[in-house]
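The structure appears below as C-alpha cells.
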Amino acid sequence: MERHFSTIEISNCGRPTERWEARALLRIGSPFGMRLRWSPHLVVHRLYCSRLVAKSLSCVLAAIWASYDRDIEALRNEAGDLFGGCYIPLSGSKHGRLTPHAYGAAICLGGRTPSTRVVRAFEQNGWQQREPGQFAAFAPESPRA
C-alpha cells in the first residue's frame, strides 16, 4: 500500500499523527445520509478518506445516489446507505499488513450483500469489491513468500 500512499507517521501513543492525517486525508460529503451499520438510527453525511481517492469516491457516491433517482427510501430498501467505515486508523489484516482502510482508500457500504447498483457504481469508478460490501480503490499488495 505504501507504494501508492505515503508512509503513515505514528505518534508516541501508537496512532497516526495529526500532521499525517492532515496531509493524507480529506473530509468529503455524501449526497445522501449514510446509516451506521452498528447503529442504523445514526446517520452521517461526511467521511474521511485519502486525498488520492476523494474525487473518485465522491463520484461513486453521486453515482449511487443517481442510480436510485435520489430516492432515500429506495436506497434504504436495498440497504445501499449502510456505512461501515472508510478511514480506520491502523486497520490491519490477518497477515499483519495495513489494509486500505488504514490509508482511507477503502469503504464498507451497502450492507452484507450490496445491491448491483452499489457494486456497479464502485466498479465503474475503478474500485474493487474485496468482500461483500467492502470496496477498495487499490488492491492490497500480495503477501510476500
Any non-hydrogen side-chain atom of [X] less than 4.5 Å from a side-chain atom of [Y]?
{"X": "Cys49", "Y": "Tyr103", "answer": "no"}
{"X": "Arg19", "Y": "Glu9", "answer": "yes"}
{"X": "Pro132", "Y": "Thr113", "answer": "no"}
{"X": "Phe83", "Y": "Cys108", "answer": "no"}
{"X": "Leu47", "Y": "Leu57", "answer": "yes"}

Minimum heavy-atom distance between [X] and [Y], given as atom pair plus value:
{"X": "Cys86", "Y": "Gly104", "result": "SG-O, 4.0 Å"}
{"X": "Ile8", "Y": "Ala102", "result": "CD1-O, 3.6 Å"}
{"X": "Ala136", "Y": "Arg130", "result": "CB-CD, 3.2 Å"}
{"X": "Ser58", "Y": "Ile28", "result": "OG-CD1, 3.8 Å"}

[X] side-chain N/O to [Y] backbone N/O, donor-acceptor pair under 3.5 Å:
{"X": "Arg15", "Y": "Ile10", "value": "no"}
{"X": "Asp69", "Y": "Asp71", "value": "no"}
{"X": "His101", "Y": "Ile88", "value": "no"}

Inter-residue atom distance [X].[atom1] - [Y].[atom2], 0.5 Å rounding:
{"X": "Ser30", "Y": "Ile64", "atom1": "OG", "atom2": "CD1", "answer": "8.0 Å"}
{"X": "Cys59", "Y": "Asn125", "atom1": "SG", "atom2": "CG", "answer": "5.5 Å"}
{"X": "Lys55", "Y": "Leu26", "atom1": "NZ", "atom2": "CG", "answer": "13.0 Å"}
{"X": "Ile72", "Y": "Arg76", "atom1": "CD1", "atom2": "CZ", "answer": "4.5 Å"}

* To do: Please check if any side-chain donor atom of Glu21 sits under 3.5 Å from a side-chain acceptor atom of Tyr48, or the reverse.
  => no

For the residue pair Ser115 and Tyr68, confirm or rule out a side-chain donor-acceptor distance under 3.5 Å.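 Distance-only check passes for Ser115 and Tyr68.
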
Give the intermediate values and the outcome of side-chain contact (heavy atoms from CB on, under 4.5 Å) for residues Val60 and Leu109. CA-CA 11 Å; Val60 169; Leu109 188 68; 5.8 Å; no

Pairs touching residues 111-123 that satisfy salt bridge (charged side-chain N to carboxylate O under 4.0 Å, His left out), sequence neighbours left out: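 Those involving residues 111-123 are Glu78-Arg117.
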
Which side-chain N or O atoms in residues 31-43 pair as donor and acceptor under 3.5 Å with protein atoms at least two apart or in another chain?
from	atom 1	to	atom 2	distance (Å)
Arg35	NE	Asp81	OD1	3.3
Arg35	NE	Asp81	OD2	2.6
Arg35	NH2	Asp81	OD1	2.9
Arg37	NH2	Gly111	O	3.2
Arg37	NH2	Gly133	O	3.4

* Kindly state each residue pair satisfying ring-ring contact (aromatic ring centres under 6.0 Å, His included) with at least one member in residues 108-137, sequence neighbours excluded. =>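 Listed by first then second residue: Phe122-Trp127, Phe122-Phe135.
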
Query raised in the report: Does one hydrophobic cluster hold both Leu82 and Tyr87, with members joined at side-chain heavy-atom distances below 4.5 Å?
Result: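 No; Tyr87 is not reachable from Leu82 via cluster members.
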
